[in-house]
Amino acid sequence: MSNITAAVIANRNKKHFLGVPAPLGYVAGVGRGATGFTTRSDIGPARDANDVSDDRHAPPATKRKKKDEEEEEDEDLNDSNYDEFSGYSGSLFSKDPYDKDDEEADAIYDSIEKRMDEKRKEYRDRRLREDLERYRQERPKIQQQFSDLKRSLATVTSEEWSTIPEVGDSRNRKQRNPRAEKFTPLPDSVLSRNLGGETASSLDASSGLASMVPGVATPGMLTPTGDLDLRKIGQARNTLMNVKLSQVSDSVTGQTVVDPKGYLTDLQSMIPTYGGDINDIKKARLLLKSVRETNPNHPPAWIASARLEEVTGKVQMARNLIMRGCEINPQSEDLWLEAARLQPPDTAKAVIAQAARHIPTSVRIWIKAADLETETKAKRRVFRKALEHIPNSVRLWKAAVELENPDDARILLSRAVECCNTSVELWLALARLETYENARKVLNKARENIPTDRQIWTTAAKLEEANGNIHMVEKIVDRSLTSLTANGVEINRDHWFQEAIEAEKSGAVNCCQAIVKAVIGIGVEEEDRKQTWIDDAEFCAKENAFECARAVYAHALQMFPSKKSIWLRAAYFEKNHGTRESLEALLQRAVAHCPKSEILWLMGAKSKWMAGDVPAARGILSLAFQANPNSEDIWLAAVKLESENSEYERARRLLAKARGSAPTPRVMMKSARLEWALERFDEALRLLAEAVEVFPEFPKLWMMKGQIEEQQRRTDDAAATYTLALKKCPTSIPLWILSANLEERKGVLTKARSILERGRLRNPKVAVLWLEAIRVELRAGLKEIASTMMARALQECPNAGELWAEAIFMETKPQRKTKSVDALKKCEHDPHVLLAVSKLFWSEHKFSKCRDWFNRTVKIDPDLGDAWAYFYKFELLHGTEQQQQEVLERCIAAEPTHGESWCSVSKCIRNWQFKTPDVLRAVVQKLSIPI
């Protein structure tokens with residue numbers, strides 16, 4: 001009883017899951033946070049897709065049965081699964097019972113199939129035998145392939161059998177043929193350490209190289225002391241390389257094998273030059289391959305693929321691709337030209353010859369073929385072959401003619417105009433090569449073939465002019481306009497003016513004048529004629545076609561003889577681009593038509609005076625007096641003429657007459673200035689005192705009076721003069737500056753500031769007053785006040801170039817560049833700012849940029865004398881003699897009159913007889929080098 005109880009108790013304590021397989025997906029200890037994993041032993045060895053599945057983890061059998069039943073029930077009876085011959089993929093009646101009628105029907109169908117199969121059996125067997133024989137012929141057995149060799153073995157002798165080598169043993173090849181021992185080069189650091197004489201106080205005991213004598217240092221390998229010279233190692237390596245190259249450079253027969261000089265260069269050229277991402281190349285290659293395969297008849301795809309390979313350094317692959325493209329698209333001239341470009345010269349000739357066979361009518365291919373030839377004779381042969389295929393190609397004819405001498409070219413052109421009778425270029429080229437008589441015949445034929453081209457007519461006119469038939473030129477031009485109009489050609493003024501300009505450039509002056517005269521009135525309204533013709537003349541002058549411009553002015557003056565503006569423009573044109581004789585002749589005609597125009601008289605007198613003919617200048621001025629008896633300008637011009645020629649008494653008498661007949665402020669000022677220049681101060685002051693009583697609002701009279709008093713050191717009288725002048729002329733900026741400068745020289749800085757402050761209040765937004773106030777502070781050493789005042793000035797006058805120019809050089813050197821950028825943003829075309837930037841480049845020793853900016857400055861404002869002075873000083877220090885002379889001549893031609901430093905010299909009474917070169921040199925001496 002006790003035993004039973006113990007067994008029952010044991011069974012009761014036994015867990016129900018012991019000895020039972022673990023459920024699917026069971027992970028031990030998952031409740032405690034353990035993580036399960038699967039090993040190869042759990043899932044078994046790798047299996048193929050067709051292997052029998054392992055059912056260790058398969059679902060239960062009941063579930064599988066249900067799933068199979070569901071699959072059987074879910075038959076696909078969709079229309080897309082239906083076929084007219086075989087029906088659905090499954091049977092419509094597979095679920096119905098199979099009865100005797102079905103069995104009988106199947107038996108009948110089987111008998112029919114057997115009968116039909118017997119009928120086809122003979123044909124099927126014969127077809128099978130034929131296929132088998134064909135297959136054995138295409139792929140014979142090995143024994144059949146060597147059957148002839150086997151039969152020949154009957155003739156092999158015993159000696160030949162004995163000489164047949166034994167078949168080697170291929171097993172254990174690695175053990176029988178061990179690989180060569182590999183060595184790894186040591187880095188330079190190890191060599192340097194061992195060769196550099198370093199020592200070690202101890203050795204590794206396992207190495208077996210412990211020192212016999214304890215405490216003795218172990219020396220280096222080879223060199224006991226000294227540093228490693230890697231440069232010498234490199235030189236030694238180069239020497240060894242040169243030796244090897246020289247050994248292989250020539251063979252025994254003396255033929256070159258290796259080019260030692262170009263060896264490394266060739267190696268460098270093998271490196272791909274493309275520096276982009278390799279993935280981009282792969283993507284591009286894949287894309288282009290897709291394009292080629294999709295549309296192999298698209299030539300740009302082949303060209304792009306070849307160029308991609310060329311860029312990546314695979315030239316041979318590029319050649320293969322482009323040649324394959326040529327095979328597929330033999331009618332594409334772009335492909336053939338690209339193939340010729342990629343191939344080396346010799347191969348390119350063969351490629352282009354093949355292209356010419358495929359596309360014999362391609363002009364580009366024939367021209368490429370001629371370019372590949374190196375000898376002129378071969379080029380001629382190519383072009384003549386090309387012209388046999390394409391006789392109407394103007395481009396080929398022109399290229400062929402260029403290679404010939406004049407006689408052969410004439411023959412070729414004779415044939416060319418027959419083949420291409422509508423090419424104007426070929427007709428004109430033939431006319432240029434012919435004699436005068438033949439050229440006329442050629443041009444007549446050309447007019448017959450091409451009656452609508454104006455170039456043939458203008459060429460005919462040039463031909464007549466070149467052979468002295470000047471009277472024919474105008475007739476030909478008139479006939480050309482009539483003929484072209486009759487043939488329906490629109491006469492375009494611009495095109496004809498271009499023809500006139502071209503004619504002038506070729507030396508046919510009469511032809512260009514005839515063209516201008518014939519077309520100048522075409523398409524111009526009557527009220528617009530004057531302005532249109534002036535614009536035409538300016539356009540011709542800008543194109544350096546001075547004869548055309550002269551012809552335009554001549555026609556305009558003929559139509560408008562009393563227009564003073566046209567005479568002035570024509571006179572200035574002759575002054576700038578003509579000779580003195582042509583200018584004087586024009587001015588004589590001008591004053592005859594416009595006798596009341598004072599400036600024309602003065603230009604004529606000045607021209608005579610500059611030429612040194614003073615009596616003729618006096619004669620012109622006397623005639624001008626008769627035409628304009630009370631003209632101030634003519635009186636003053638006569639005074640200047642006499643004073644410049646040191647005829648001071650005559651000048652005084654003229655001024656006295658002028659004061660009597662034309663008492664103007666300028667006449668009074670010139671009278672006083674002449675006395676001042678001759679140092680007759682009392683007479684000058686008397687004249688000025690009278691003048692300011694009559695003309696109190698003319699500021700220059702007050703300024704001269706104050707300056708004379710300053711020169712006599714009568715500062716109080718000068719101060720009183722300036723004070724009275726400012727009451728009469730409060731808007732005269734120079735008067736405010738002169739008064740402030742006088743007080744500054746007297747040492748009364750506060751009063752100078754006060755005067756300038758009052759001037760700014762009376763004349764707001766005047767940059768010059770601000771600039772003078774800033775300079776007063778700078779001269780006093782008060783830079784901070786000057787900087788503050790500059791900031792205020794730039795706020796009130798943000799576009800004043802004088803202030804920005806001063807502000808640039810008030811900054812420290814590192815800040816000047818930034819300030820100049822701000823100045824250029826505000827005043828991009830202001831000459832003072834450009835001059836300041838030029839000086840800034842000069843201070844930084846950037847001479848090329850400095851010269852460019854000086855040129856820009858004098859081009860924008862040629863009247864600014866300071867720019868010319870700085871430019872000339874720069875060239876004197878850093879330019880050549882030619883550059884210096886060029887600047888001097890340009891300055892004399894410009895005749896500048898403005899500029900702070902320039903006026904301080906030119907208006908100084910001691911320099912009253914200075915000409916422009918004298919003033920320029922004096923200003924240069926006064927200027928300092930910018931730092």
Side-chain angles (χ1 to χ4, degrees), residues 598 602 605-606 609 614 617-618 621 630-715 717-718 721-722 724-725 728-729 732-735 737-739 741-742 863 865 895-916 918-919 922-923:
E598 301 167 359
L602 295 177
K606 186 176 180 180
W609 172 45
V614 177
R618 286 178 182 149
L621 289 176
N630 293 322
S631 172
E632 175 189 280
D633 291 329
I634 295 176
W635 279 109
L636 295 179
V639 170
K640 184 177 181 180
L641 177 66
E642 300 300 341
S643 62
E644 291 287 346
N645 289 280
S646 302
E647 297 286 346
Y648 304 125
E649 292 301 326
R650 297 184 67 172
R652 277 202 189 93
R653 288 198 299 269
L654 284 172
L655 285 169
K657 288 181 182 180
R659 289 197 300 272
S661 61
T664 62
R666 288 184 64 207
V667 170
M668 300 299 293
M669 182 189 69
K670 293 291 184 181
S671 301
R673 190 172 187 276
L674 180 61
E675 302 297 340
W676 183 16
L678 297 175
E679 297 184 353
R680 297 184 180 184
F681 301 119
D682 296 335
E683 183 66 20
L685 288 173
R686 185 186 65 78
L687 288 172
L688 288 170
E690 294 177 2
V692 294
E693 291 292 334
V694 182
F695 308 105
E697 295 180 354
F698 193 69
K700 289 189 177 180
L701 297 173
W702 294 102
M703 283 187 268
M704 289 177 64
K705 187 173 182 295
Q707 287 173 334
I708 292 173
E709 289 170 346
E710 281 189 60
Q711 189 173 350
Q712 292 179 332
R713 301 184 183 279
R714 296 158 53 191
T715 55
D717 294 341
T721 300
Y722 289 143
L724 184 59
K728 300 290 184 180
C729 310
S732 175
I733 307 303
L735 272 176
I737 294 175
L738 284 171
S739 180
N741 289 339
L742 178 61
D863 197 49
E895 295 183 354
T897 56
H898 293 87
E900 186 179 357
S901 301
W902 185 272
C903 290
S904 66
V905 173
S906 64
K907 293 186 180 297
C908 181
I909 199 62
R910 292 189 299 272
N911 306 327
W912 70 288
Q913 288 185 315
F914 274 18
K915 302 290 191 298
T916 301
D918 304 322
V919 178
V923 176

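Here the CE atom belonging to Met668 is positioned 10.0 Å from the CG atom belonging to Leu655, to the nearest 0.5 angstrom. To the nearest 0.5 Å, the span separating CG on Leu654 from CD on Glu642 amounts to 6.0 Å. Here the CE-CG distance, from Met669 to Leu674, works out to 12.0 Å after rounding to the nearest 0.5 Å. To the nearest 0.5 Å, atoms CE (Met703) and OG (Ser739) are separated by 12.5 Å. Taking CZ of Phe698 as the reference point, atom CE of Met704 lies at 9.5 Å (rounded to 0.5 Å).
Arg652 is not listed as a side-chain neighbour of Glu683, based on a closest heavy-atom distance of 4.5 Å or more. Between Val919 and Asn911 there is no side-chain heavy-atom pair separated by less than 4.5 Å. Put simply, the side chain of Lys728 does not reach to within 4.5 Å of the side chain of Val692, judged on heavy atoms. The shortest distance between side-chain heavy atoms of Ile909 and Arg673 falls below 4.5 Å.
With hydrogens and angles left out, the side-chain atoms of Thr897 and Asp863 include a donor and acceptor closer than 3.5 Å. In summary, the side chains of Gln711 and Trp676 do present a donor paired with an acceptor at a separation below 3.5 Å, with no hydrogens or angles considered. If you check the side chains of Glu709 and Tyr722, you find no donor sitting under 3.5 Å from an acceptor.
Residues Lys606 and Glu895 are paired through a salt bridge, judged by an N-O separation under 4.0 Å between the basic side chain and the carboxylate. We find that Arg686 and Glu690 are joined by a salt bridge, their nearest charged nitrogen and carboxylate oxygen being less than 4.0 Å apart. Of the charged side-chain nitrogens involved, at least one lies within less than 4.0 Å of a carboxylate oxygen, so that Asp633 and Arg666 count as a salt-bridged pair.
For Gln913, the CD atom is densely surrounded, since the number of other residues' heavy atoms within 6.0 Å is greater than 12. Environment of CD in Glu697: sparse, with no more than 12 heavy atoms of neighbouring residues, nucleotides or ligands closer than 6.0 Å.
At least one donor-acceptor pair under 3.5 Å links the side chain of Asp918 to the backbone N or O of Lys915. The backbone N or O of Leu735 lies less than 3.5 Å from no partner atom in the side chain of Trp702, so there is not a single donor-acceptor pair.
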